[in-house]
Amino acid sequence: MTKRVIHVGVGSFGRRWCSEFLSRNIVDGTIEVVAIADVDTEAVAKGQELLGLPDSACHTDIAEAFAQHEADFCTVVVPPEFHEAVIDVALAHGVDILCEKPIADSMEASVRIARKVREAGRKMAVTMSHRFDQDKTTLRKIIRSGQLGEVSYVSCRYASDMRGHMDWGTLFRHTMQDPLLIEGAVHHLDMVADLAGAKCQTLFATTWNPDWAEYAGDTDGIVTMVFENGVRGIYEGSSSSATGLNDWTKEYVRVECENGTAILNSREIEIFTRQPLSHQRHREGQGQKVPLLEQPKWLNTWLIEKFCDWLDGGPEMETIVEKNIQASALIFASIESVRSGRAIEVQDYVGGFS
Ligand SMILES: NC(=O)c1ccc[n+]([C@@H]2O[C@H](COP(=O)([O-])OP(=O)(O)OC[C@H]3O[C@@H](n4cnc5c(N)ncnc54)[C@H](O)[C@@H]3O)[C@@H](O)[C@H]2O)c1
């Protein structure tokens, strides 16, 4: 049955929600948008234009939007520090929540939100969009099939040239303390954990802010991880690289397994399987190419559909808030590691949501 949605936040990414993720699901009857809300009048006007909504469906007062419209769920696309305020309003109106990552801008707020959702008996999931992109989904299927044997370690590289002021879309990323970890690595560490196939036990992180990066906080970092199943992970991330070799959606991910190696690089996947030494091919680019999976919806477009299926009694989403606490723990434990110079026990951060 078509689900009624209140969409909150029509900033730089919220516009893409309107023009692409929501629209695609409106066209096939998965959802209808009954209202939009943003504290900024110009943002509301943009959302109204993109979705073709009447004035009565457009609000600058979030509480008013929820008070005036019946909805099955809301989509939250405001900066992380404001997620909780919007979620509080949704819960007060008995509305389920599909929220942008990360859950919140601190570990305390993330755990608080998960508790409030549980106590209210509502459903909430988080859009870890990149994990649900076409290339990462294909890689996950290869790894989960077991064709390369057990995973030993996962290496992920993200390198984007967004070093100039406002290059990373919007002001808050240039003024916040930890833009790489909170706005970038939340996706990449989540992907590494997903491929590792277990919760992270211990991590060590170091981040820095190169002189050429026009940011208040750290744009570059390296995180090493040990997972509960013994798999290791290594992440290198840069939002201020000189050449953007592995920009957003074109990350490099290598999964080293017992019987082979899978490499995802700029949306192309190749696998190498173990051969007698005399036959081994040693160079990237010479592996067996694997075509990407095909399906109608990817990224948040797919996640909206998954959320609707879940509301209709279908399978629970992979990114329900209680499980997604793990993604928050990865970034806030990394921040603690950077500040303290110590390795951090990640499960100490999850506030009982294990
Ligand atoms: N999954 C992805 O790939 C991806 C990409 C970009 C952004 N995001 C996430 O989307 C969210 C929004 O990011 P953005 O880049 O669009 O930010 P933005 O700053 O460009 O836009 C945020 C919008 O929220 C509005 N807003 C702020 N506080 C509000 C409140 N309390 N109630 C209603 N509206 C409010 C602002 O007026 C603005 O229009 C963040 O959580 C970010 O991490 C995810």
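Note that ligands are numbered from 1 as they come in the structure, with each ligand's atoms numbered from 1 the same way. The analysis underlying the following values was restricted to heavy atoms, covering all of them including side chains, and did not include hydrogens, waters or symmetry mates.
Taking distance alone, with nitrogen or oxygen atoms compared against 3.5 Å, Asn300 stays at or beyond that limit from ligand 1. Of the N or O atoms in Phe13, one or more lie within a sub-3.5 Å distance of an N or O in ligand 1. Of the polar atoms of Thr127, none of the N or O atoms is found under 3.5 Å from an N or O of ligand 1, judged by distance alone. Polar contact with ligand 1: absent for Ala43 (N/O pair, distance under 3.5 Å).
Here Arg254 contributes atom CZ and Leu264 contributes atom CG; the two are 12.0 Å apart, rounded to the nearest 0.5 Å. Here Leu330 contributes atom CG and Met191 contributes atom CE; the two are 12.5 Å apart, rounded to the nearest 0.5 Å. Expressed to the nearest 0.5 Å, how far CD1 of Ile87 lies from CD1 of Ile97 amounts to 5.5 Å.
A heavy-atom separation below 4.0 Å is not found between Gly169 and ligand 1. Taking a 4.0 Å cut-off on heavy atoms, Pro80 registers as neighbouring ligand 1.
Counting only heavy atoms of the protein, atom 21 (O) of ligand 1 lies nearest to Gly11 CA, 3.2 Å. Looking from atom 36 (C) of ligand 1 to the surrounding protein, the closest heavy atom is Asp38 OD1, 3.4 Å. The nearest heavy-atom contact from the protein to atom 13 (O) of ligand 1 is Arg173 NH2, 3.9 Å. For atom 22 (C) of ligand 1, the nearest protein heavy atom (residue, atom name, distance) is Pro79 CD, 3.4 Å. Looking only at heavy atoms of the protein, atom 17 (O) of ligand 1 is closest to Phe172 CE2, 3.4 Å. The protein heavy atom nearest to atom 33 (C) of ligand 1 is Ile62 CD1, 3.2 Å. Scanning the protein heavy atoms around atom 14 (P) of ligand 1, the nearest turns out to be Ser12 OG, 3.7 Å. In terms of protein heavy atoms, atom 35 (C) of ligand 1 is closest to Val78 CG1, 3.3 Å.
Considering Ile182, Thr60, Thr170, Asp105 only, the shortest heavy-atom separation from atom 18 (P) of ligand 1 involves Thr170.
More than 12 heavy atoms of other residues, nucleotides or ligands lie within 6.0 Å of CD in Gln275, so this atom counts as buried by the packing criterion. Within a 6.0 Å radius of CD in Glu150, other residues, nucleotides and ligands contribute 12 heavy atoms or fewer.
Heavy-atom contacts of His83 reach the following atoms of ligand 1: 41 (O) (cutoff under 4.0 Å). For ligand 1 and His187, the ligand atoms under 4.0 Å from any heavy atom of the residue are 1 (N), 2 (C), 3 (O). For ligand 1, the atoms lying closer than 4.0 Å to a non-hydrogen atom of Val10 are 39 (O). Taking every heavy atom of Phe82 and a limit of under 4.0 angstrom, the matching atoms of ligand 1 come to 27 (C), 28 (N), 31 (N). Short contacts between ligand 1 and Gly14, defined as distances under 4.0 Å to a heavy atom of the residue, involve ligand atoms 16 (O). Interface atoms of ligand 1 facing Ser129, defined by a heavy-atom separation under 4.0 Å, are 1 (N), 2 (C), 3 (O). Which parts of ligand 1 touch Asp40 is read off a 4.0 Å heavy-atom cut-off, strictly below it: atoms 37 (O). Listed by atom number, the atoms of ligand 1 under 4.0 Å from Val8 heavy atoms are 33 (C).
Using a cutoff of 4.0 Å between basic side-chain nitrogens and carboxylate oxygens, Arg339 and Glu336 are not scored as salt-bridged. A salt bridge between Lys250 and Asp133 is absent, with no side-chain N of the basic residue lying under 4.0 Å from a carboxylate O of the acidic one. Salt-bridge annotation for Lys3 and Asp96: absent, with no side-chain N of the basic residue lying under 4.0 Å from a carboxylate O of the acidic one. Look at Glu318 and Arg131 and you find no salt bridge, because none of the NZ, NE, NH1 or NH2 atoms lies under 4.0 Å from a carboxylate O.
Of all non-hydrogen atoms in Tyr158 and His188, the two that sit nearest each other are CG-CE1, 3.2 Å. For the pair Gly221 and Trp208, the tightest heavy-atom approach, listed with the atom from each and the gap, is CA-CZ3, 3.6 Å.
Checked by atom type, the side-chain pair Gln48/Asp55 shows a donor-acceptor distance below 3.5 Å.
Here the rule is ring pair (Phe, Tyr, Trp, His ring centres under 6.0 Å) with His69, and of His7, His93, His59 only His59 fits it.
The backbone N or O of Gly217 lies less than 3.5 Å from a partner atom in the side chain of Asn209, making a donor-acceptor pair.
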